[in-house]
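Chain naming here is simple, since letters A, B, ... match the order of the sequence lines and numbering starts at 1 in each. Every value quoted in this text rests on a predicted model; they were computed, and no experiment measured them.
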Amino acid sequence: MKIVTYNVNGIKARLPRLLEYFAEQQPDVVCLQELKCSDETFPAAEIDAAGYHAVWHGQKGFNGVAVLARGVAPIERARGLAGEPEDEHSRYLECEVGDLVVASIYLPNGNPQPGPKFDYKLRWMERLAVRARELLAEERPVVLAGDYNVIPRDDDTFSVRAMANDALMQPESRRAYRRLLAQGWTDALRWRAPTGGVWTFWDYQAGGWQRDAGFRIDHLLLSPQAADRLADAGVDKEYRGREKASDHAPTWIRLR
DNA sequence: ATGGCTTAGTTCCTAAGA
């Protein structure tokens, strides 16, 4: 089965591209980020007509995550992370899909850093780590898929120098990501390609796509029980080059 | 040192993204 994470950067603007992707790739499970729509305006009817059932956690203007499945309805387990009741950002949605637990994650960007947005990012990563540990304790196949807004290593960016002061690759961001992995999660793309540049994002600005100036920030983290079933992983890079593309490309795994 | 693009809402500018 193919499980995809895709930051669509506005589901309304991206809907034709998304439906095209469904028709061509027929993914089984899809985690979306940056819906940028309210719960009321999520295009459920169009997605349903394409054969997908969805659970979504929207927010007007920005953020927003969803879990979609082909021919089966995801069952919601949690929306939002514990630990900060005043946090109203729609960034976490956890569902049951068949025998899998799947979470769609939109981790805060954290720029500019230092500052309150960066502090929020680090707190959010701590809260995610708490939830991730609980999930591991269930000892079942779990996939934490999303836009983590973390460049984990120097070979995950086209230019260390260009990104040196960015929140995405500060030592604190990387340390929090490493701590998460150290709980026992497998970074599926790194498992498939242990070294070298694999990008999932290319900036709209300064000809990022044309120059192949990208970085790897969309990740699928697998519990040991899911990693046992990992068959392949990759990026559907071609979709970044199409008309009206998102600045992220669909990033995927195949599980046996 | 800054902006470059793109999306969406407060819409003919601003905020946010990364």
Hey, is the main chain of A/N7 close enough, under 3.5 Å, to the side chain of A/S246 for a donor-acceptor pair?
yes

Would you call A/E94 and A/R131 a salt bridge, using N to O less than 4.0 angstrom?
yes

Nearest nucleotide by nearest heavy atom, which residue falls closer to the 5' end of DNA chain B, A/H248 or A/K12?
A/K12

For A/A206 and A/P108, find the nucleotide of DNA chain B closest to each by heavy atoms; which residue's nucleotide sits nearer the 5' end?
A/A206

Within the 4.0 Å heavy-atom criterion, would you say [X] contacts the bases, only the backbone, or no part of the nucleic acid?
X	answer
A/R91	sugar-phosphate
A/D147	sugar-phosphate
A/K117	sugar-phosphate
A/A13	sugar-phosphate
A/Y148	nothing
A/N9	sugar-phosphate
A/D218	nothing

Flag if over 12 foreign heavy atoms under 6.0 Å of CD, A/Q26
yes

[N] to [M] separation - [atom1] atoms, rounded to the nearest Å:
N	M	atom1	result
B/dG17	B/dG3	C1'	15 Å
B/dC5	B/dA18	C1'	12 Å
B/dA16	B/dT11	P	16 Å
B/dG9	B/dG4	C1'	22 Å
B/dT2	B/dT7	P	26 Å
B/dA15	B/dT10	C1'	10 Å

After noting the C-alpha distance and the side-chain angles of A/Y106 and A/H89, does the key distance pass the ring pair (Phe, Tyr, Trp, His ring centres under 6.0 Å) rule?
CA-CA 10 Å; A/Y106 180 46; A/H89 287 198; 9.0 Å; no

Enter the distance from A/K244:NZ to A/E20:CD here, rounded to the nearest 0.5 Å.
13.5 Å

Pair A/W199, A/F215 - check ring pair (Phe, Tyr, Trp, His ring centres under 6.0 Å), show working.
CA-CA 5 Å; A/W199 315 145; A/F215 31 91; 7.9 Å; no

Once salt bridge (charged side-chain N to carboxylate O under 4.0 Å, His left out) is applied, do any residues pair with A/D154, and if so which ones, sequence neighbours excluded?
A/R174

Between which nucleotides of DNA chain B, read 5' to 3', does contact with chain A run, using atoms under 4.0 Å from its heavy atoms?
B/dG4 to B/dA18

